[in-house]
Amino acid sequence: MKLLSPSFVQLCHQLSDLQFHDGTALGQSLKMTRTAIWKYIKKLQGYGVEVECVKGKGYRLHRPLYLLNSDVISNVLIKQTQQHAEIVLFESLPSTNHYLHHEGETTTKVALAEHQSQGRGRFARAWHSPFGQNIYMSIRYLIEKDPSELGGLSLSIGVSLCQALEKWIPLKTPLSLKWPNDILFDAKKLAGILIEMRAEAHNACLLTIGIGLNVNMDSPRDEAIQQPWISLKQITQQEQNRNLFVGELAAAILTGLVRFETQGFQAFIDEWEKRDYLKDQSIQVQSGRYVYKGTGAGVDLLGQLVLIDEQQERRTFAAGESSLLK
Ligand code: BTN
């Protein structure tokens, strides 16, 4: 588990003009030795970042690498939520969700990483987490509700995330939500949400909400992602500076959690319906060992997926995996 060091962030910032910088000049401006600079360059290359090294000229990046900056993120968080949440930035760790969920604390905390070596998705799938390209964020929050009252929570988080993204990134068509909480653009996955929970004493539940958002990823190596996906860079045709909106995303989720805590899923259902990817479509739902086919008929107030099956029977699902039938 390595925390993100400010000098590493500054080095990447300086190299993000995509010009050659020689080791001595970089060392002088960052008050580091040439050897320390060289070690950082090796580290970047170890993470798979392309850095050109030319004798007599120095080092050059091939694409900008603006790493996460905790001051920028916490300023936005405080401004938007009026509450202080601890923020921790990692250069690399196995999984931000695993870290927060097993830290043994219950305070509100945001963990972000530039790289995850064992990023996890739903159904124990791997979440591809290349260095410096996307957002890998987890938020820990102690919600004052019994686990039985959390139906619709994961859908609400999806809604909060879509609203924040649509506010910050100009999109020609709105985002859609595939039950329970995949965020899609043009039928391709842009973001995924993984919620882990633990019941605590006194009608409270400890939540760890993990968000994986594809930001600047172009093409993952070795076909690491097994489903159609898209990134904000591909949608907007521009490299995105994650610092400009990651604080807004965290703030939107924290604000949404408070809203869910006080008003429940009914405060989100209209916004969900506007983005429901499965509504009126031929779909299938895998729930446990069984696969059900039929027509998507929205969600109920518990956040359960409603399906009208081939015998015109109404079925509801509290958990499972959904997809469109081809
Ligand atoms: C999904 O399967 O759609 C959910 C993906 C969630 C990935 C995020 S990345 C940050 C956090 N840490 C993890 O290991 N997983 C979540």
Side-chain angles (χ1 to χ4, degrees), residues 1-2 4 47 67-68 73 85 87-103 108-141 153-162 164-165 175-185 187-198 206-217 220 224-232 242 245-247 249-250 252-254 257 275 277-278 285-287 303 305 319-324:
M1 238 172 17
K2 289 188 203 109
L4 193 57
Y47 283 127
L67 298 187
L68 297 168
I73 300 167
I87 298 176
V88 60
L89 301 188
F90 291 95
E91 179 187 307
S92 177
L93 87 173
S95 152
T96 52
N97 255 42
H98 187 271
Y99 160 75
L100 277 189
H101 206 61
H102 296 91
E103 208 190 17
T108 303
K109 186 165 171 179
V110 180
L112 284 142
E114 292 292 6
H115 171 257
Q116 297 184 118
S117 54
Q118 290 166 43
R120 301 181 300 178
R122 294 179 68 229
F123 304 108
R125 292 186 186 124
W127 188 260
H128 185 59
S129 310
F131 183 84
Q133 297 189 23
N134 300 321
I135 290 175
Y136 319 115
M137 169 167 74
S138 297
I139 299 180
R140 185 174 63 211
Y141 185 79
L153 171 79
S154 73
L155 285 71
S156 314
I157 310 262
V159 168
S160 301
L161 201 55
C162 282
L165 280 170
L175 298 170
S176 21
L177 280 159
K178 181 168 80 67
W179 183 89
N181 54 19
D182 281 356
I183 296 182
L184 309 182
F185 181 86
K188 297 178 194 109
K189 186 150 167 171
L190 175 66
I193 298 168
L194 176 70
I195 303 182
E196 298 181 61
M197 53 180 84
R198 190 168 64 228
L206 187 70
L207 304 174
T208 302
I209 297 157
I211 314 283
L213 169 68
N214 300 330
V215 182
N216 287 321
M217 192 159 66
I225 307 181
Q226 310 293 330
Q227 57 184 320
W229 62 272
I230 196 161
S231 66
L232 291 177
R242 296 164 301 155
F245 58 91
V246 66
L249 300 185
I253 289 164
L254 284 168
L257 281 167
R275 300 178 177 82
Y277 180 67
L278 303 179
V285 183
Q286 169 136 26
S287 181
L305 176 67
E321 184 162 35
S322 65
S323 53
L324 289 188

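What you are looking at is a predicted structure, and each value in this text was computed from that prediction instead of being measured. First listed ligand is number 1; within each ligand, the first listed atom is number 1. Values below: all heavy atoms of this structure, side chains included; hydrogens, waters and symmetry mates excluded.
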Q: Establish, from distance only, whether the side-chain atoms of N97 and T208 form a donor-acceptor pair under 3.5 Å.
A: no
**Q.** Non-neighbouring partners of S154 that pass side-chain hydrogen bond (donor to acceptor under 3.5 Å, both in side chains), sequence neighbours left out
**A.** none
Q | Those residues that, when tested against R122, pass side-chain hydrogen bond (donor to acceptor under 3.5 Å, both in side chains) (two or more places apart) | A | none
Anything under 3.5 Å between an N or O on ligand 1 and a protein N or O? List each pair with its distance, or write none.
residue  : atom   : partner : partner atom : Å
ligand 1 : 2 (O)  : R122    : N            : 2.7
ligand 1 : 3 (O)  : K189    : NZ           : 2.6
ligand 1 : 12 (N) : T96     : OG1          : 3.1
ligand 1 : 12 (N) : Q116    : OE1          : 2.9
ligand 1 : 14 (O) : S95     : OG           : 2.8
ligand 1 : 14 (O) : R120    : N            : 2.7
ligand 1 : 15 (N) : R120    : O            : 2.7

(Q) For a side-chain contact (heavy atoms from CB on, under 4.5 Å) check, start with the C-alpha distance between E114 and R242, then their side-chain angles and the critical distance, and finish with the verdict. (A) CA-CA 11 Å; E114 292 292 6; R242 296 164 301 155; 2.7 Å; yes
Q.
Working to the nearest 0.5 angstrom, can you tell me the gap between L161 CG and N181 CG?
A. 9.5 Å
(Q) Run the salt bridge (charged side-chain N to carboxylate O under 4.0 Å, His left out) test against E321 and tell me which residues pass, sequence neighbours left out. (A) R125
